[in-house]
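What's counted below: heavy atoms across the whole structure, side chains too, no hydrogens, waters or symmetry copies. To find a chain, count down the sequence lines: A is the first, B the second, and so on, and within it residues start at 1.
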Protein chains: 2
Amino acid sequence: MDFKHQTTVTLAEVAAAAGVGESTVSRVLRNHGSFSKKTRDRVMEAVEQLGYVPNRIAGTLASAGSRLVAFVIPSLSNIVFPDVLRGASSVLEENQHQAVFSVTDYDPEREEALVAAMLAWRPTAVMLAGFEHTQGTLKMLRATGCRVVELLDLDGSPVDLAVGFSNAAAGRVSAEFLLKRGYRRIGYVGHDLERDTRAGKRFGAFCETLGSAGFPLADREIHVGASSVESGRLGLERLLARQPDLDAVYFSNDDMALGGYFHCLARGISIPSQLAIFGYNGLDIGRVTPQPLSTIRTPRVSTGRVAAELVVANAPPQVIDLGFELIEGATT
Amino acid sequence: MDFKHQTTVTLAEVAAAAGVGESTVSRVLRNHGSFSKKTRDRVMEAVEQLGYVPNRIAGTLASAGSRLVAFVIPSLSNIVFPDVLRGASSVLEENQHQAVFSVTDYDPEREEALVAAMLAWRPTAVMLAGFEHTQGTLKMLRATGCRVVELLDLDGSPVDLAVGFSNAAAGRVSAEFLLKRGYRRIGYVGHDLERDTRAGKRFGAFCETLGSAGFPLADREIHVGASSVESGRLGLERLLARQPDLDAVYFSNDDMALGGYFHCLARGISIPSQLAIFGYNGLDIGRVTPQPLSTIRTPRVSTGRVAAELVVANAPPQVIDLGFELIEGATT
DNA sequence: GTGAAAGCGCTAACAA
DNA sequence: TTGTTAGCGCTTTCAC
């Protein structure tokens with residue numbers, strides 16, 4: 001049952017109204033090919049008059065090139081992905097492309113289904129998080145004609161384009177920093193590592209670095225589920241209950257770390273003398289807390305921006321390392 | 001210059017490979033109409049064999065009904081909109097719809113251009129924030145055949161569907177709460193009100209309520225630009241420099257309020273005895289700070305979910321008030 | 001500078 | 001149950 005009157009002005013009607021052929025209207029509208037100024041005006045007047053809205057579905061079918069860019073992302077709760085979308089969308093909009101997205105909830109099977117659904121729209125490119133995909137997903141991505149961009153990771157082999165930074169390096173750098181600062185009894189509070197494989201890579205490299213230095217990770221507390229400020233706070237509470245003498249804690253990201261920070265504030269645990277806190281992401285909020293958070297700033301928005309630029313420019317396959325920056329706050 | 005081999009298996013090729021007609025393949029694939037089990041198997045085998053991916057562009061053109069839902073949102077930095085998208089996307093994905101979005105950056109002219117671009121995809125629905133649109137946008141929305149959903153506001157007249165809550169009521173309730181608690185010298189710290197019209201409506205009703213009670217707003221500090229924790233902190237600092245004897249401050253949202261909260265923590269201003277803080281949005285982080293933030297919790301995710309459900313169900317035009325909830329934290 | 005006509009890949013009658 | 005066929009609204013040769 002329809003509640004609105006379906007107005008379907010077509011290019012043919014515009015042509016008729018303007019007294020020109022369809023192809024002329026098409027040329028004028030796309031500003032492509034040649035036509036006289038007079039014709040142009042007649043066409044534009046008819047367009048205006050009839051309220052014509054071009055049909056990109058038909059246009060795409062006839063010409064190929066959908067100008068649709070598909071994002072298949074793990075989450076929208078984790079600020080990382082809205083940031084990536086934000087960076088990309090500005091570039092896409094400037095270049096008359098549109099962003100389509102769907103959310104996998106960190107489930108590889110769901111990712112496969114969603115990639116298949118996206119491919120049905122014949123997008124210019126598909127953007128995904130990281131390199132961990134099912135065999136089925138990889139097969140589709142390799143078979144498809146569209147560009148593939150894997151985001152926010154560098155530790156793996158790309159299908160086509162990759163834009164991001166090394167999570168393993170981030171983990172290593174974090175560990176080295178804490179060690180250099182003299183921390184020795186270091187713990188970890190994180191979230192679901194199997195699903196968030198990038199957090200898993202950071203954690204793996206972090207532990208390995210500590211171990212090589214002779215000060216292996218003292219203990220860890222893993223929250224099953226998504227990262228959040230609350231689970232960071234609870235995680236630290238539990239970890240400290242078991243290991244009261246930790247001198248530093250590495251968190252899977254800034255949300256978790258802020259939770260830990262709040263726990264310390266509430267319990268009167270002094271930072272960093274009693275306990276140091278280190279995060280990951282470099283969220284703005286961490287710069288404004290009474291003590292700025294020590295963390296790693298990641299180029300989330302630029303990851304999106306650069307990915308979109310490569311796609312719009314149809315750049316050759318390549319891997320772009322945007323790096324990251326260690327921010328020495330007051331919590332270490 | 002193409003870097004990938006464009007594989008374009010069509011339905012016709014599948015039909016040929018399976019030794020059946022095109023419409024049979026179409027029926028099997030959409031599980032619509034009748035066909036024998038044997039035919040089905042033959043078709044599915046050919047699909048598998050050839051790695052056929054249906055072309056929804058062609059499908060949509062042939063059948064109408066794009067199953068595309070367009071979101072034209074002001075921002076992705078303001079967590080409100082990722083939350084709305086999150087609520088909507090789960091419903092849309094379950095119902096084989098896809099979400100397309102673009103970001104207006106709170107610019108009505110840009111919104112108009114983006115709506116026009118979206119309409120070219122003949123979406124099932126267009127979702128926008130609030131009721132403030134240009135004449136051109138309204139004209140397009142009224143003329144189009146697709147559903148229109150205006151989100152997160154109730155104070156205005158909808159084009160078609162509206163899902164959200166009253167911002168004016170939220171502002172009023174906030175003021176009444178502070179007054180009831182005995183606060184009398186009340187200030188405001190907010191962000192760009194002309195662009196964020198919903199924040200403007202809250203502020204307007206807030207001031208009016210204070211004024212009617214005989215305790216008009218003492219002062220305000222407006223940050224030109226987007227809301228953020230940092231501008232909340234700076235805003236409060238400036239406001240207090242002018243008005244050291246305020247007893248409460250209302251913030252345009254929780255991000256701003258958290259900034260104010262951090263300012264107080266850093267300066268040793270005791271909350272709420274010296275200064276009360278009240279926010280808006282009910283972000284999770286506000287529940288986990290050492291003192292939970294007093295605020296108004298808004299149904300952001302359900303706004304997205306309900307909007308998507310209405311669209312999928314093709315419900316008749318209506319206005320849905322999802323309400324909001326005052327959270328009495330420890331900052332008032 | 002302009003128009004006629006042939007598709008793009010699919011769906012939806014309509015026959016068979 | 002299945003195949004044939006006529007579009008969907010546009011772009012793109014190719015004539016003129």
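Looking at residues two or more places apart in sequence or on another chain, you find a salt bridge (charged side-chain N to carboxylate O under 4.0 Å, His left out) between D83(A) and R86(A), R300(A). Annotation: salt bridge (charged side-chain N to carboxylate O under 4.0 Å, His left out) contacts of E112(B) (sequence neighbours excluded): none. Taking the side chain to side chain donor-acceptor pair (under 3.5 Å) definition, one finds that S75(A) meets it with nothing, sequence neighbours left out. Take N95(B) and apply the side-chain contact (heavy atoms from CB on, under 4.5 Å) test, not counting sequence neighbours, and it matches V91(B), H97(B), V312(B). For E150(B), the side chain to side chain donor-acceptor pair (under 3.5 Å) test picks out H133(B), with sequence neighbours left out. Legend: residues meeting salt bridge (charged side-chain N to carboxylate O under 4.0 Å, His left out) with R56(B), ordered by chain and number and at least two apart, are absent. Taking the salt bridge (charged side-chain N to carboxylate O under 4.0 Å, His left out) definition, one finds that K38(B) meets it with nothing, sequence neighbours left out.
Among the protein residues, S34(A) comes within range of the nucleic acid bases, having at least one heavy atom under 4.0 Å from a base atom.
Taking every heavy atom of residues 112-121 of chain B and every atom of DNA chain D, no pair lies under 4.0 Å.
Comparing the helix axis at one end of the helix from dG1(C)-dC16(D) to dA16(C)-dT1(D) with that at the other, each defined from 5 consecutive pairs, gives an inter-axis angle of 30° (nearest 10°).
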Fill in: Letter per nucleotide, 5' to 3', of nucleotides 8-16 of chain C [B base touched, S only sugar-phosphate touched, - untouched; heavy atoms, 4.0 Å]
BBBSBB---
Discussion item. Working note: R147(A) + D160(A), criterion salt bridge (Lys or Arg N to Asp or Glu O under 4.0 Å); need CA distance, chi angles, decisive distance, verdict.
Written reply: CA-CA 7 Å; R147(A) 303 306 300 270; D160(A) 179 7; 2.8 Å; yes
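In terms of phosphate contacts, S36(A) brings no side-chain nitrogen or oxygen within less than 4.0 Å of OP1 or OP2 of dG1(C).
Among residues at least two apart or in separate chains, ring pair (Phe, Tyr, Trp, His ring centres under 6.0 Å) pairs with a member in residues 98-128 of chain B are F101(A)-F101(B).
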What side-chain donor-acceptor pairs closer than 3.5 Å can you find for residues 41-52 of chain B, not counting sequence neighbours?
residue: D41(B); atom: OD1; partner: K37(B); partner atom: NZ; Å: 3.3
residue: R42(B); atom: NE; partner: A18(B); partner atom: O; Å: 3.0
residue: R42(B); atom: NH2; partner: A18(B); partner atom: O; Å: 3.2

